[in-house]
Participant: 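Shown below is the structure under consideration.
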Amino acid sequence: MNIKKICCIGAGYVGGPTMAVIAQKSPDIKVTVVDLNEKRIAAWNDENVENIPIYEPGLSDIVASCRGRNLFFSTEVDKAIDEADMIFISVNTPTKTYGVGKGMAADLKYIELCARQIARVAKNDKIVVEKSTLPVRTASAIKDILDNTGNGVQFQILSNPEFLAEGTAVADLLMPDRVLIGGDTTEEGQNAIQKLVDIYANWVPKERILTTNVWSSELSKLTANAFLAQRVSSINALSELCEKTGADVNEVAKAIGMDSRIGSKFLKSSVGFGGSCFQKDILNLVYIAKSYGLNEVADYWEQVIIMNDHQKRRFGKNIIQTLYNTVSGKKIAFMGWAFKKDTNDTRESAAIYVADDLLSERAEIAVYDPKVQEDQIFYDLDYLESRSADENRRGLTVTNDPYAAADKAHAIAILTEWDEFKTYDWKRIYDNMLKPAFIFDGRNLLDKEALQKIGFVYQGIGS
Ligand code: UDX
Ligand code: ADP
């Protein structure tokens with residue numbers, strides 16, 4: 001029997017876009033995305049499709065093309081589970097903030113709650129697909145819960161990690177490098193795998209759909225992110241050496257990237273990587289390695305995080321040193337708060353940590369980001385608990401006008417590589433700043449020579 005109804009638990013940065021694309025490409029399947037968060041679901045259902053809660057280029061068009069046809073967003077989790085033949089779990093798996101594995105292991109409580117809910121509600125056989133990034137062997141934990149607390153129905157668990165990157169989610173989903181599906185090697189497992197393969201085969205070439213056992217699939221996701229993050233930390237480590245030696249990290253990146261064995265992607269030196277995956281997944285890998293007593297393996301991967309923390313902190317330190325060792329009472333304009341361009345996601349964004357350090361030195365920060373809302377920025381800062389909520393609001397303001405952010409500022413810090421920053425009237429910005437006017441370009445985004453010609457003191461990363 002073919003899959004007729006899919007439900008996805010979790011309407012976030014992964015669940016939302018993924019299900020929108022599946023719905024668009026599979027008009028015969030009814031796709032229902034459910035979430036406990038009523039506000040989020042209301043936003044997905046907003047009459048004006050531009051108001052959906054996740055900003056991704058191209059996403060609103062896809063949602064508009066199938067919402068109400070075969071794509072639905074709802075808070076009725078039980079009903080959607082009951083109806084579905086296939087259930088995707090796409091809930092958040094943050095790093096644990098308490099107990100064993102605190103600060104490292106993934107917190108699986110949301111996953112477990114989902115599994116228990118599925119077990120309680122399901123009245124017929126179902127295929128359950130892990131979409132959230134999970135530590136290795138989570139599938140077997142889910143299976144345990146389903147088999148032991150369920151209503152005697154059969155569950156097949158598949159691992160189908162999502163490799164989309166935010167900001168390019170739609171393109172990544174429409175033309176993935178590969179789709180990975182892990183499942184049991186039993187006949188039932190292979191049948192379940194085939195059903196998911198058939199869905200992706202609606203638009204993904206067959207040779208790009210890989211099937212493996214569950215554990216290989218789970219570990220591949222962590223490993224892909226660890227390798228990518230490692231490249232960024234490697235080039236960032238070199239950036240500091242370049243600054244000391246007079247080499248230019250952009251030139252070095254170009255030169256090594258042209259080696260076809262190395263390749264040119266993910267060699268952009270920056271203020272440090274952010275996002276919901278890199279740090280979390282590496283910490284997960286470290287935790288798993290440690291739990292098997294593999295201390296050298298754990299230390300090896302942990303260094304990628306240590307380097308990234310250093311890169312974020314040294315950016316702020318450099319601003320303080322350059323502004324004559326004090327930023328107290330000085331206005332610093334932040335251009336960008338998101339962890340990369342073309343997303344409104346701020347999780348683990350370097351901007352949060354740079355702001356934290358500068359606020360501790362009593363700087364006055366004015367933030368402009370084209371897609372991130374003020375309440376999110378204060379949520380990120382308040383979460384750190386470095387200062388009271390009042391102090392954060394006294395030290396930092398958010399504006400929706402980049403020129404206002406820079407007005408009478410001592411310095412500008414570029415934290416996100418939004419394309420629009422390149423198009424600003426930088427002469428106008430310069431004229432309204434205090435002199436000397438500094439730019440700290442944490443993304444090597446702007447035209448250094450042009451800015452220097454205007455009169456800015458320009459500092460990029462790694463040169
Ligand atoms: C990542 C993986 O790319 C994706 O496959 C996985 O599914 C989820 O994690 P994402 O976190 O959305 O995706 O963004 P990514 O493009 O990987 O960037 C992560 C961080 O690294 C960003 O902060 C980005 O600015 C930074 N980065 C990336 C660099 O600093 N330099 C680079 O060269 C590339
Ligand atoms: P990701 O980037 O992995 O998609 P998000 O945090 O953006 O992560 O999305 C996860 C979503 O899962 C959140 O909107 C959250 O409300 C939802 N969620 C978590 N647990 C449950 C649950 N038991 N039932 C329904 N939705 C849930």
Side-chain angles (χ1 to χ4, degrees), residues 7-19 33-41 43-44 53-54 56 73-78 80-81 87-94 106-118 131-134 161-169 172-173 176-178 180 220-222 224-236 239 249 253 257 264-282 308 311-312 336 338-351 415-417 442-445 461:
C7 135
C8 174
I9 307 180
Y13 283 87
V14 172
T18 312
M19 291 303 128
V33 189
V34 293
D35 202 297
L36 297 171
N37 183 335
E38 288 175 12
K39 219 173 120 196
R40 212 167 204 184
I41 290 298
W44 278 111
I54 284 166
E56 276 292 339
F73 295 92
S74 159
T75 51
E76 292 181 277
V77 183
D78 283 6
I81 292 174
I87 302 166
F88 288 77
I89 301 186
S90 194
V91 302
N92 34 335
T93 49
D107 192 340
L108 297 181
K109 77 174 171 208
Y110 303 105
I111 297 278
E112 182 168 341
L113 281 172
C114 262
R116 289 188 186 278
Q117 197 161 3
I118 295 169
K131 201 74 188 139
S132 312
T133 310
L134 297 166
E162 185 46 64
F163 294 101
L164 70 82
E166 288 175 31
T168 52
D172 294 344
L173 285 162
D177 285 349
R178 76 323 205 166
L180 183 57
S220 300
K221 169 70 196 215
L222 294 186
N225 279 338
F227 270 56
L228 290 169
Q230 183 194 38
R231 278 177 76 95
V232 178
S233 272
S234 296
I235 199 71
N236 282 343
S239 74
V249 78
S264 61
K265 292 179 182 162
F266 268 72
L267 285 179
K268 270 191 96 53
S269 191
S270 66
V271 56
F273 61 73
S276 68
C277 288
F278 281 3
Q279 169 152 325
K280 184 183 81 179
D281 289 354
I282 292 174
N308 194 50
Q311 188 76 351
K312 288 185 277 191
F339 81 97
K340 63 188 280 197
K341 73 171 178 179
D342 290 341
T343 179
N344 59 347
D345 194 351
T346 65
R347 285 176 287 182
E348 291 301 330
S349 179
L415 278 311
T416 311
E417 73 282 23
R443 299 286 181 167
N444 290 339
L445 177 77
I461 303 270

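Since the structure is predicted, the reported quantities are computational estimates derived from the model, not experimental observations. Just so you know, ligand 1 is whichever comes first in the structure, and atom 1 is the first atom listed for that ligand.
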Participant: Regarding N92 and Y13, do their side chains bring together a donor and an acceptor under 3.5 Å, going by distance alone?
Facilitator: no
Participant: What pairs with E76 under side-chain hydrogen bond (donor to acceptor under 3.5 Å, both in side chains), at least two apart in sequence or on another chain?
Facilitator: none
Participant: Is it the case that the side chain of E162 and the backbone of V14 share a donor-acceptor pair, with hydrogens and angles ignored and the cut-off at 3.5 Å?
Facilitator: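 Flag not set: sc E162 to bb V14 has no pair under 3.5 Å.
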Participant: Are there any protein N or O atoms under 3.5 Å from the N or O atoms of ligand 1? List them with distances, or say none.
Facilitator:
unit_1	atom_1	unit_2	atom_2	d
ligand 1	5 (O)	F163	O	2.6
ligand 1	7 (O)	E162	O	3.1
ligand 1	7 (O)	F163	O	3.3
ligand 1	7 (O)	L164	O	2.8
ligand 1	7 (O)	K221	NZ	3.0
ligand 1	9 (O)	N225	OD1	3.4
ligand 1	12 (O)	E166	N	2.7
ligand 1	14 (O)	K340	NZ	3.2
ligand 1	16 (O)	K340	NZ	2.7
ligand 1	23 (O)	G274	N	2.9
ligand 1	23 (O)	F339	O	2.8
ligand 1	25 (O)	R443	NH1	2.7
ligand 1	30 (O)	S270	OG	2.6
ligand 1	31 (N)	K268	O	2.8
ligand 1	33 (O)	L267	N	3.3
ligand 1	33 (O)	K268	N	2.8

Participant: Could you report the tightest heavy-atom contact between R443 and F339, atom names first, then the distance?
Facilitator: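 R443 and F339 have their closest heavy atoms at NH2-O, 3.1 Å.
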Participant: Y110 to ligand 2: N or O pair under 3.5 Å?
Facilitator: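 No.
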Participant: Checking D172 now: which residues fulfil side-chain hydrogen bond (donor to acceptor under 3.5 Å, both in side chains) with it, not counting sequence neighbours?
Facilitator: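 Here the qualifying residues are T168.
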Participant: So, regarding E166 and ligand 2 (criterion: nitrogen or oxygen to nitrogen or oxygen, under 3.5 Å), is there a contact or not?
Facilitator: no
Participant: How are the rings of F278 and F266 set relative to one another: parallel (under 30°), tilted (30 to 60°) or perpendicular (over 60°)?
Facilitator: tilted
Participant: The criterion is salt bridge (Lys or Arg N to Asp or Glu O under 4.0 Å); which residues satisfy it with K341, sequence neighbours excluded?
Facilitator: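 Partners of K341 under the salt bridge (Lys or Arg N to Asp or Glu O under 4.0 Å) test: D419.
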Participant: Atom 27 (C) of ligand 2: which protein heavy atom is closest, and how many Å away?
Facilitator: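 For atom 27 (C) of ligand 2, the nearest protein heavy atom is V91 CG1, 3.7 Å.
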Participant: What residue and atom, counting heavy atoms only, is the protein's closest point to atom 19 (C) of ligand 2, and at what distance?
Facilitator: N92 OD1, 3.3 Å
Participant: Based purely on interatomic distance, does D35 place a nitrogen or oxygen under 3.5 Å from a nitrogen or oxygen of ligand 2?
Facilitator: yes
Participant: Can you name the nearest heavy-atom pair linking E56 to A169, along with the distance?
Facilitator: OE1-N, 3.1 Å
Participant: If the cut-off is 4.0 Å to any non-hydrogen atom of S90, which atoms of ligand 2 fall inside it?
Facilitator: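 Every atom of ligand 2 under 4.0 Å from some heavy atom of S90: 10 (C).
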Participant: Which residue and non-hydrogen atom of the protein lie closest to atom 12 (O) of ligand 2, and at what distance in Å?
Facilitator: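 Here the nearest protein heavy atom works out to G10 CA, 3.4 Å.
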Participant: Determine whether the side chain, the backbone, both or neither of R347 has a heavy atom under 4.0 Å from any heavy atom of ligand 2.
Facilitator: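 Contact part for R347 vs ligand 2: side chain (C-beta onward).
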Participant: Quick one: do the S270 and K340 side chains pair a donor with an acceptor below 3.5 Å?
Facilitator: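 Side chains of S270 and K340: no pair found under 3.5 Å.
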Participant: Between ligand 2 and C114, is the shortest N or O to N or O distance under 3.5 Å?
Facilitator: no
Participant: Against heavy atoms of G12, which atoms of ligand 2 measure under 4.0 Å?
Facilitator: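 Reading through ligand 2 atom by atom, the close ones are 4 (O), 5 (P), 7 (O), 9 (O).
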Participant: Show the nearest heavy-atom pair for residues R231 and L267, with the distance to one decimal.
Facilitator: NH2-CG, 3.4 Å
Participant: My understanding is that only one of I235, I461, V271 makes a side-chain contact (heavy atoms from CB on, under 4.5 Å) with Q311; could you say which?
Facilitator: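 For Q311, the side-chain contact (heavy atoms from CB on, under 4.5 Å) check succeeds only for I461.
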Participant: Atom 26 (N) of ligand 2: which protein heavy atom is closest, and how many Å away?
Facilitator: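 Here the nearest protein heavy atom works out to L36 N, 3.4 Å.
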Participant: Identify the protein heavy atom lying closest to atom 4 (O) of ligand 2, giving its residue, its atom name and the separation to 0.1 Å.
Facilitator: V14 N, 2.9 Å
Participant: If you take all heavy atoms of A11 and D35, which pair is closest and at what distance?
Facilitator: N-OD2, 2.7 Å
